[in-house]
Protein chains: 2
Amino acid sequence: MDERDIRLLKAIADLGTGSPERLHEETDIPVSTIHYRLNNLKEAGVIENDLYDVDLEAFGLGVTVIVEVLADYAGPYEEVGEKLLAVEGVTQAHFTMGETDFVVIARLTDSDMVERLIRDFETIDEVERTNSTYVIATMRDTHNALQSYSLETLVEELADE
Amino acid sequence: MDERDIRLLKAIADLGTGSPERLHEETDIPVSTIHYRLNNLKEAGVIENDLYDVDLEAFGLGVTVIVEVLADYAGPYEEVGEKLLAVEGVTQAHFTMGETDFVVIARLTDSDMVERLIRDFETIDEVERTNSTYVIATMRDTHNALQSYSLETLVEELADE
DNA sequence: CGTGAAAGCCCGCGATT
DNA sequence: AATCGCGGGCTTTCACG
């Protein structure tokens with residue numbers, strides 16, 4: 001992966017599309033070269049998949065909750081994690097170190113559903129305690145960390161390897 | 001938005017792609033109708049954008065941190081939020097109610113960069129205190145809350161409107 | 001909402017450096 | 001091994017039933 005790949009990925013992050021033509025306009029790299037590069041990146045697993053960003057508000061999923069979960073488990077943490085993931089509405093689950101064991105983020109319709117979510121969590125054997133925080137407004141929610149990085153920083157990081 | 005749209009969006013969430021042909025295989029809805037529907041959904045803002053999922057590990061962005069930010073501000077919260085978003089590596093920022101004011105999630109390269117992140121936060125005038133939690137493993141991180149919902153639930157939600 | 005044909009884009013091939 | 005032009009083929013669009 002060289003500077004040209006970075007420029008490509010940055011363009012993808014900024015434009016929010018993988019369209020070769022759009023990328024060509026943005027980067028001035030010839031269309032067929034973009035193909036060549038993109039294929040390599042896919043092969044290497046750098047680009048996982050193409051997907052759609054669905055607006056959850058449209059489904060009435062307007063409520064976001066962040067739940068800290070304290071668990072007591074003997075086996076591997078993955079087992080507990082799987083049970084958390086199975087609860088309806090969970091969009092993120094992070095296994096963490098520190099005061100709490102898991103940080104879970106869920107998207108729900110209303111406070112009734114929040115109640116059900118918490119109840120579902122508490123029902124899990126290994127779960128000891130939960131601590132919920134309501135989200136009033138989400139200012140950013142993107143997988144594209146690249147968007148927040150400057151091209152220079154990314155190239156620099158690359159050089160360190 | 002009717003039941004057919006829901007089926008379409010559910011298929012998108014499940015397959016992880018917006019490819020009309022794949023969607024046709026899954027739903028048996030004619031290809032051109034899928035185009036028609038998808039266009040409407042885009043117009044309505046239900047589908048925000050099509051994008052690529054970039055593997056952040058490939059950039060050495062292997063460290064995830066969750067930071068709770070306590071702030072003291074006179075003006076609107078957006079002002080503080082903007083300052084938080086400007087810090088390099090921030091992928092999510094939620095304005096919350098409860099013990100803390102913001103929950104921020106960032107993707108970074110190493111602990112040096114975590115230090116810098118915290119320092120950047122603390123430098124912001126309105127920020128009073130921060131509390132960081134390291135993520136050991138992320139078990140799920142998807143915008144696709146739809147994946148975790150059953151088709152029945154979604155249609156039911158729709159009917160309530 | 002479905003059909004068909006025309007337009008435009010994607011992407012692999014192969015020649016070039 | 002990377003780059004780039006070309007052209008077949010598929011995807012998408014659009015006017016109509």
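Lettering follows sequence order; numbering is per chain, from 1. These numbers were taken from a predicted model, which means no experiment stands behind them. Computed from heavy atoms alone, side chains included, the values below leave out hydrogens, waters and symmetry copies.
Regarding A/Ile34, its CD1 atom lies at a distance of 16 Å from the P atom of D/dA2, rounded to whole Å. What separates CZ of B/Arg22 from C1' of D/dT11 is a distance of 16 Å, to the nearest Å. The nearest whole Å value for the distance from the CZ atom in A/Arg7 to the P atom in D/dT3 is 11 Å. We find that CD1 of B/Ile29 is positioned 16 Å from C1' of C/dT3, with the value rounded to whole Å. Residue A/Glu25 contributes atom CD, which lies 12 Å from atom C1' of C/dC9 at whole-angstrom precision. Taking atom NZ of residue B/Lys42 and atom C1' of nucleotide D/dT13, one finds them 12 Å apart after rounding to whole Å. A straight line from CG of A/Asp5 to P of D/dA2 spans 9 Å, rounded to a whole angstrom. In this structure, the CD atom of B/Glu21 is 16 Å from the P atom of C/dC10, given to the nearest Å.
Between A/Ser32 and the phosphate of C/dC11, there is no side-chain N or O to OP1/OP2 separation shorter than 4.0 Å. Using a 4.0 Å cut-off, some side-chain N or O of A/Arg37 falls inside it from OP1 or OP2 of D/dT3. For B/Asn39, a side-chain nitrogen or oxygen approaches OP1 or OP2 of D/dT13 to under 4.0 Å.
Nearest to the side-chain atoms of B/His35 among the listed nucleotides D/dC4, C/dC10, D/dT12 stands D/dT12. The side chain of B/Pro30 sits closest to C/dT3 out of D/dG5, C/dC11, C/dT3. Residue A/Asn40 places its side chain closer to D/dA2 than to any other of D/dC4, C/dC9, D/dA2.
Salt-bridge annotation for A/Lys10 and A/Asp14: present, with a side-chain N of the basic residue lying under 4.0 Å from a carboxylate O of the acidic one.
At the heavy-atom level, B/Arg4 lies under 4.0 Å from the strands shown only through sugar-phosphate atoms. Across all strands shown, A/Tyr36 has heavy atoms under 4.0 Å from base atoms, whether or not it also approaches the sugar-phosphate.
Remark: A/Arg37 CZ to A/Thr27 OG1 distance equals 10.5 Å, nearest 0.5 Å. Taken from CG in B/Leu108 to CG in B/Leu117, the straight-line distance is 5.5 Å, to the nearest 0.5 Å.
Using cut-offs of 30° and 60° for the angle between ring planes, the A/Tyr73 and A/Phe95 rings count as perpendicular.
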Given side-chain contact (heavy atoms from CB on, under 4.5 Å), test B/Phe102 with B/Thr96 step by step and report yes or no.
CA-CA 5 Å; B/Phe102 293 90; B/Thr96 58; 5.7 Å; no
